[in-house]
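Only heavy atoms go into these numbers, but all of them, side chains included; no hydrogens, no water, no symmetry mates. Chain letters run A, B, ... following the sequence lines, proteins first and then strands; every chain starts at 1.
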Amino acid sequence: MTHDQFEVLSNQAIAICGAAYFVALLLHLAEWAAGRRVPVDAPVAATVGAGAESRPTEAAEAAEVEDHDAAEKMERFGRWGLVATIVAAGVHLVAVVSRGLAADPVRVPWGNMYEFTMTGTLVVVAGYLLMYRRFSLQWLSPVVTGFVLITLMVDVLLLYTPVVPLRDALQSPWLVIHVIAAITATGAFTLGGMASVLYLIKERWLERGGSEASNGYLARLPGLNELDRMAYRTHAFAFPVWTFAALIAGPIWAQAAWGRYWGWDPKEVWAFITWVVYAAYLHARATAGWKGRAAAIIALIGLATLWFNFVGINFFFGSGSQHSYA
Amino acid sequence: MSEPTSSDDTSGVPAYGHTRDTETGAAPLAPKEFLRWTWRQLTSMRTALILLFLLALGAIPGSVIPQDNVDALLAAQWRREHTTLAPIYEKLGLFSVYDSAWFAAIYLLLMISLVGCILPRTRVYLRAALARPPKTPRNLSRLPEYRTFTTDDESDAVLERAQAALRGYRVDRHDDSLSAERGYLREAGNLLFHLSVLIVLVGFASGSLLGYKGGVIVVTGGQFANVASQYDEFDPGTLFDDKNLKPFSFKLTDFKVNFIKQGREIGMAQKFSAGLDYQTGPNAKQQHTRIEVNHPLSIDGSKVYLIGHGYAPNVTVRDGNGKIAFSGPVVFTPEDSSFRSSGVIKVPDADPKQLGFRGEFYPTYGFTDATGPFSAYPDAKNPALVLLAYAGDLGMDRGVPQSVYALDTDGLKQLTKSNGKMFRVELEKGQTQALPNGLGSITFNGVDRFVKLQVSRNPGGWIALLGMILALTGLLGSLFIRPRRIWVSVRREGGRTVVEVAGLDRSSGGNLTDRVDDLVGSLEEKKA
Ligand code: HEM
């Protein structure tokens, strides 16, 4: 295939995977809609929030058969949603890879915002799929598919750029190392942030009298401790990766390209801010009075600084940053 | 929503108590007590947390306001455009946030807090690292993970099997129970991480104290010798001595750049490279090299980087007497990605009046009524100069240093045509234009290129980097080593052995369920 054909392939693949994510989202919405009729601890749904506390059910005997049907329906939607997501992720991967093959000479597909976003969303999906079984993540499905769908739409509509060669500063093996690490960390922080958002929502809901025994989506989320643990694990994975990307690989590359390890360029400043905020998150989890809610809020502040750096710096600071490749 | 456990209570170790949980009592009045209280406050986790936030907040202004030592030109321009705010910002150190006293105050406090935190924790840790696993608690069923079962095996056999199954644990056998612990290195990792933060800071500081960074613009064919006076921008560390500048020199032989000719990123510059003939010292042999982005020249620990480029139109100015008052390339600084560049030409030697020009250079000249003159493409395909001309006193001998990129128009008068209409110099390559009132003429001979080079020495850089790598190592240990305790206790009851197994995961987000299940499995299954 020629480079041009790969470019077309990449564009088509992005459109197709978008559609597949859309289908997956619809299926997961259907799953949760069906779930409203199923008591939270109906047998089929028992895997939800493994390790969460058992909740006594008062479901009437008579309703049980009906429940069972609804539960089966719910599970079916969920399974198809997962299949659609896996298919979408496969096509997504094709889009990313062919984007790299489309360039002449062939290069890594991380030359501009369009490509970063495309790869970052793939990392989010991959992380979700990898953790799916271990953490029983069906409750995260609508959030992940919805997020990825919207982000990809923004990417295609606002950030699309035809394939061009890499600019000089980007031509370095450190690009590969630095960017892989940065994108991986960004994807993982994003997943962790989703758990933190859900933690806050659920906490509020419980505080306002929400009951674990009801049938809605929130009741089906894992318990607060479980959400917090999942958030922590993801952040604990992402933090060292970010440390490596932003504070080791980045400076080494900057030294090679610009003659300084660290120059307080806006992009660097914000990478540092992100790092400090997430360090604060880890501290908060170990500090009485800051655990739980405050920690979750700090995690989200961290995520905001991360995304601001990813998107905002390029748009607001433009040429003021050596790192602007919008 | 309460898990009955302390499994997310990361401390789990009472000994670290005061570093983790602030004692939020009111300040005592007795001086000694007060000092102690202050120290406790400062070294508490809560304070560390707040200082971390302050550090993050404090870093923000530096990304919004142009910084002197990031982009001095931009900072100067900002000052000119914001005359009311600039002095206030100046006072607050907002043009050099990362060198400012208040920013230093935040991170120094954080470092003090860090030392105050590390020291006692290290002491506690050293003691704990040698300690035996804690005795088996009397009531195991109160621990987060608890299983019990009965077996026909003898107590001793069960305990022996447990000991074998707990590989990697430090195990203590008691009469009818066994306590095991692992993950001692987690705290060591955490301490290493925090200690390394200090190392990074030391490396960073020594780099910025002992090193220097300089920028110089060299036109093709031009020379540079590594002495402070030859730099356009020179930014030495506080403890840097000019004598430490290595005595190298070089000549810029040529500069190459490729511009992308099509596509959306048309005009994007690529594959810059500059040829240098250099000598490492006055008597050293001359060598030739090419430097590119990502491939600097390294001489004795100083590095020469190619960081920018642009055009230097070559002009000749004749004065009113017909004498050549100036001839040569003049650096015009690029204003946008199509290399519309602005610059100033000063001709102090012109008679009867000094001459000055200010205006723009367009590598590929284009014009529409809507936009005025613009550059259509960054390569020098159809170069043109458009300048306003001034005559009078350039003010160069007033003793105040002047920027070569700015024209002080106080003593100058803008030239107009004899009918009073606006006069503009508009030149294509090779053209000459006469100035009004017989003041002389200006010729646009051609286009030279310049490169912007950065020369720097960063003696502490590797310390900081090493510190960062140590920090990462420690961090990984701190986040992923799981300190765990497991107890197995046995008792005989009615001819059978009742086995109790309990576990405590002391890490954040830890979960011992699987491990305890495994252990129970291996104790049960080998019923002989
Ligand atoms: C430059 C400032 C600091 C940075 C960047 C920083 C960063 C971190 C990070 C990333 C962690 C997570 C590792 C883990 O969870 O095990 C951590 C943990 C910890 N930090 Fe710091 N820290 C700083 C200052 C301090 C100070 C001043 C204290 C003393 C009050 C402190 C006490 C602790 C403690 C006790 C933990 C362990 C928490 C746990 O077990 O999860 N840190 N720190």
Side-chain angles (χ1 to χ4, degrees), chain A residues 51 53 161-165 167-169 171-172 174 206 212 223-225 228-230 232-233 236-237 239-240 243-244 247-248 251-253 255-267 269-270 272-273 276-277 279-280 282-291 305 313 317 319-320, chain B residues 1 3 8 10-11 20-22 45-46 48-49 52-53 55-56 59-60 62-64 66-67 69-71 74 97-98 204 207 213 260 263-265 268-272 292-296 303-305 307 337 454-456 458 461 464-465 468-469 471-472 475-476 479-480 508-509 511 513:
Chain A
E53 316 77 285
T161 323
V163 175
V164 288
R167 50 190 62 218
D168 280 20
Q171 288 179 5
S172 156
W174 287 103
L206 286 174
E212 294 281 15
L224 286 183
N225 277 332
D228 177 60
R229 192 176 348 245
M230 142 96 189
Y232 172 74
R233 290 261 182 104
F237 166 77
F239 186 76
T243 306
F244 175 75
L247 300 181
I248 296 179
I252 292 178
W253 181 18
Q255 168 74 3
W258 301 314
R260 82 279 188 303
Y261 287 103
W262 192 263
W264 296 111
D265 177 278
K267 200 101 183 170
V269 172
W270 282 89
F272 174 73
I273 291 174
V276 170
V277 174
L282 293 176
H283 277 182
R285 278 193 89 265
T287 309
W290 288 71
K291 287 182 189 143
T305 65
I313 291 289
F317 295 83
S319 57
Chain B
M1 274 330 304
E3 257 179 334
D8 64 338
T10 44
S11 67
R20 286 161 195 255
D21 297 303
T22 324
M45 274 295 261
R46 186 165 314 217
L49 202 56
L52 281 171
F53 267 115
L55 189 66
I60 295 177
S63 73
V64 185
Q67 297 292 294
N69 42 14
V70 174
D71 192 337
L74 199 66
V97 166
Y98 309 106
F204 204 74
K213 191 173 93 175
I260 294 183
R264 179 171 138 178
E265 306 224 346
M268 185 175 109
Q270 265 198 324
K271 303 198 175 68
F272 318 95
E292 294 167 31
V293 177
N294 283 327
H295 300 286
K303 292 195 168 181
V304 183
Y305 295 86
I307 58 169
S337 56
Q454 177 178 298
V455 185
S456 61
N458 197 341
L465 202 60
M468 227 32 250
I469 290 167
L472 186 63
L475 184 64
L476 290 175
L479 289 171
F480 298 118
S508 214
N511 190 339
T513 314

Novice: With only heavy atoms counted, which part of B/Gln67 is less than 4.5 Å from chain A, the side chain, the backbone, both or neither?
Specialist: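 Interface part for B/Gln67: neither.
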
Novice: Do the rings of A/Trp264 and B/Tyr98 sit parallel, tilted or perpendicular, given the 30° and 60° boundaries?
Specialist: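 If you compare the ring of A/Trp264 with that of B/Tyr98, the planes turn out parallel.
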
Novice: Would you name the heavy atoms of B/Leu49 and A/Ala284 that are closest together and state the gap between them?
Specialist: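 Minimum heavy-atom contact is CD1-N, 3.7 Å.
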
Novice: Using every non-hydrogen atom in the two residues, find where A/Lys291 and A/Arg285 come nearest and quote the distance to one decimal.
Specialist: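 Result for this residue pair: CG-O, 3.5 Å.
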
Novice: Under a 4.5 Å cutoff for heavy-atom pairs, which residue among B/Val97, B/Val304, B/Asn458 has the most contacts with chain A?
Specialist: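 Of B/Val97, B/Val304, B/Asn458, B/Asn458 has the most heavy-atom pairs under 4.5 Å with chain A.
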
Novice: For A/Tyr261, which atoms come within 4.5 Å of any heavy atom of chain B: side chain, backbone, both, or neither?
Specialist: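 For A/Tyr261, heavy atoms of backbone and side chain both lie under 4.5 Å from chain B.
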
Novice: Let's test your reading of the structure: which of A/Thr305, A/Val269, A/Val277 forms the most heavy-atom pairs below 4.5 Å with chain B?
Specialist: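 Result: the option with the highest number of such pairs is A/Val269.
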
Novice: Which atoms form the tightest heavy-atom contact between B/Tyr305 and B/Ser456, and what is the distance?
Specialist: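 Scanning both residues completely, I find the closest heavy atoms to be CE1-OG, 3.8 Å.
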
